[in-house]
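Protein chains get the first letters and strands the later ones, always in sequence-line order, with residue 1 at the start of each.
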Amino acid sequence: MDAIAHHIRHEEHPTGLMRWLTTTNHKDIGTLYLWFSLTMFFFAGALAMVIRAELFQPGLQVVQPQIFNQLTTMHGLVMIFGAIMPALVGFANWQIPLMIGAPDMAFPRLNNWSFWLLPVAATLLVSSFFVPGGSMAGGWTMYPPLYIQGGISYDMTILAVHILGLSSIMGAINIIVTILNLRAPGMTMMKLPLFVWTWLITAFLLVAVMPVLASVVTMLLTDRHFGTHFFNAAGGGDPVMYQHIFWTFGHPEVYIMILPAFGIISSIIPTFARKKLFGYTSMVYAVAAIALLSFLVWAHHMFTVGMPVAGQLYFMYATMLISVPTGVKVFNWVATLWRGSISFETPMLFALAFVCLFTIGGFSGLVVSLVPVDIQLQDTYYVVAHFHYVLFSGSAMAIMGGVYYWLPKWTGHMYDEFLGQVHFWLTAIAFNITFFPMHFLGLAGMPRRIPDYALQFADFNRLSSLGAFVLGASQLIFLYVVVKCIRGGAQAGDRPWEGAESLEWTLTSPPPYHSFTVAPQVK
Amino acid sequence: MVECVRAGDPAHFCVTARPNYVAGGAGLRVAMVVLLPWWGGIGAAFVKLGAWPVTLFMLLPLLGLAWAFHQVERHAGDFERLTLDDDRLVLDTHTPDADQHLEFNSHWVQVALYSTSAGGGNVLTLRSHGKEVAFGHLLSDEERTAISRELNLRLAQIKHY
């Protein structure tokens with residue numbers, strides 16, 4: 001009878017709060033990741049609004065410098081670890097089993113645990129605002145000596161980073177095993193949708209570099225409390241070694257946040273161009289090449305620490321080399337659009353904006369890869385502009401496009417196309433108003449992470465802040481569209497986009513709670 | 001995945017269900033070929049620089065990944081087999097932890113299909129002489145329904161003769 005009881009438990013699922021706490025279903029867990037990510041996106045976005053309010057004009061208006069530093073640090077940490085990465089893992093959870101014809105992830109309980117570690121870490125991070133001394137203020141990169149000297153909030157951050165890292169590693173192991181072992185019969189590796197390929201490679205990156213982050217923050221912890229001197233110069237340690245270790249993690253981390261976005265865009269563009277993706281094989285190799293190169297360029301983040309010229313030259317050229325596989329991808333997206341029957345629904349608008357704006361971010365990255373230029377632009381607003389073009393118009397806008405693209409499949413309802421387009425245009429225009437002037441501010445020498453600035457930077461800062469307020473407010477439309485779509489709307493067909501071809505579109509909208517219990521045969 | 005072997009007469013029927021794993025041990029080899037050189041190279045460099053904890057930490061996810069593939073590989077040979085052979089209905093199950101072999105008398109055994117209250121799932125059981133066991137853990141609801149129907153039909157014919 002035990003076997004029967006076990007069987008019944010397997011088929012049933014609880015309802016209400018217990019459904020979400022105990023779920024092992026990949027769709028439920030994907031939904032949890034996406035809601036968590038959206039919540040963190042609004043939290044970190046609210047911090048950004050305060051930052052831009054302070055920078056609206058010279059002088060100190062809204063917050064004191066110490067608080068300002070806390071806000072910029074927390075904004076960076078939460079956006080990276082709380083918003084972008086969980087959103088992409090949410091997509092992975094929803095889409096990978098559906099796209100490869102698997103009934104679920106390989107380790108569903110591990111999947112549940114991976115998610116529920118996140119709120120714990122987020123609570124630690126956010127509550128650090130309320131401890132004596134306030135939240136950590138040393139920047140998201142956690143450089144010593146500031147992180148060796150700070151108060152209790154620094155320990156909370158280190159613990160939170162450990163938990164986030166553990167969650168990511170468990171998720172990555174699950175994704176690797178799922179993709180390699182749970183594909184439907186006939187789904188060979190070179191038939192995998194590009195989104196799945198990008199996630200497989202991203203998962204390998206996560207397994208390779210998240211422990212590096214965990215180790216470096218552990219060394220910070222032991223330097224702080226256990227008398228070691230890994231990074232403490234007073235004891236013979238080397239703070240620059242911290243930077244080398246951190247960026248061994250940190251640069252691949254950039255690709256962890258962008259490769260799955262490439263996968264989302266590679267799903268959207270062929271659908272709305274009504275053509276097969278141009279150069280599928282070269283896309284796969286390009287993603288792999290980008291991932292490989294991402295391990296070899298870490299020190300371009302530290303040209304100003306003082307390294308041999310040979311080292312500077314190597315890291316400069318290696319960094320420039322990344323533009324080759326990235327260029328292959330951009331070329332292939334444009335070639336897919338070429339002579340396609342293009343329609344401009346909201347997901348496609350986000351995808352096209354991604355291609356244009358991410359390319360700008362890539363080019364500004366090439367600019368700062370040049371050692372003589374980088375030495376001038378290090379820690380200026382040019383760098384802030386560059387990484388927001390990569391991470392907002394790259395990752396975040398791909399995520400938004402992906403949500404619009406798969407929302408009809410997930411909910412069974414069509415989203416409000418008009419409001420979706422309003423959201424897109426406000427986001428795209430406000431984003432450029434916010435971040436494009438930062439290039440000029442950086443070139444003029446305005447340093448980042450300061451609450452006050454010289455008068456000559458006032459006009460561009462005011463423009464930037466106005467853009468930021470519109471950008472922030474327009475995300476409320478996104479929230480409204482998503483909630484409205486979940487609650488109802490026009491019925492979405494099984495394949496609401498006529499150009500969509502991967503396996504998930506063979507299922508009903510929304511898909512059954514247990515999908516692909518019979519493995520599909522892929523031809 | 002499920003394999004069925006049907007004979008012409010109703011008294012011979014065999015159905016085997018297995019988990020749907022495709023790659024076997026190849027996945028672990030691929031993962032290690034990708035990650036071990038990284039671990040060796042970077043790990044050695046950081047040990048030389050005095051940051052030895054990096055090497056230890058990098059080893060942990062590799063062990064985790066190896067464990068994960070091992071678990072999948074361990075269960076790749078799992079199966080459930082139901083064999084109707086004249087007067088006997090034999091249930092064989094194989095998992096890494098236990099093998100089960102149960103025999104029922106075809107004239108007495110009853111096949112039951114329970115609907116579960118939520119989720120639209122079902123459970124297929126065999127019961128006889130106060131004993132009841134589930135079959136079809138690796139099958140879908142539709143497959144369990146189809147097998148229940150076919151088995152009941154064949155058992156009815158056996159009992160009739």
- Query: Are the ring centres of A:F204 and B:W38 closer than 6.0 Å?
  - Reply: no

- Task: Test A:F295 against B:I42 for side-chain contact (heavy atoms from CB on, under 4.5 Å), laying out the working first.
- Result: CA-CA 10 Å; A:F295 289 128; B:I42 294 293; over 6 Å; no

Do [X] and [Y] come close enough that some side-chain heavy atom pair is under 4.5 Å?
X      : Y      : answer
A:V207 : B:P61  : yes
B:W67  : A:I173 : no
B:V54  : A:M219 : yes

- So which heavy atom on B:L49 is nearest to which on A:M241, and how close?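 Smallest interatomic distance, heavy atoms only, reads O-SD, 3.4 Å.
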
- Query: Quick one: what part of B:V34 sits under 4.5 Å from any heavy atom of chain A, side chain, backbone, both or neither?
  - Reply: side chain

Working to the nearest 0.5 Å, report the span between [atom1] of [X] and [atom2] of [Y].
X      : Y      : atom1 : atom2 : answer
A:L180 : B:L65  : CG    : CG    : 8.5 Å
B:H75  : A:N181 : NE2   : CG    : 13.0 Å
A:M210 : B:F57  : CE    : CZ    : 12.0 Å
B:L59  : A:S215 : CG    : OG    : 12.5 Å

- If you count heavy-atom pairs under 4.5 Å with chain A, which of B:A68, B:G50, B:A45 comes out on top?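 Most pairs with chain A among the choices: B:A68.
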
- Task: Among B:A31, B:G64, B:P53, single out the residue with the greatest number of heavy-atom pairs under 4.5 Å to chain A.
- Result: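 It is B:P53.
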
- Contact leader toward chain B among A:L292, A:I245, A:L166, where contacts are heavy-atom pairs under 4.5 Å: A:I245

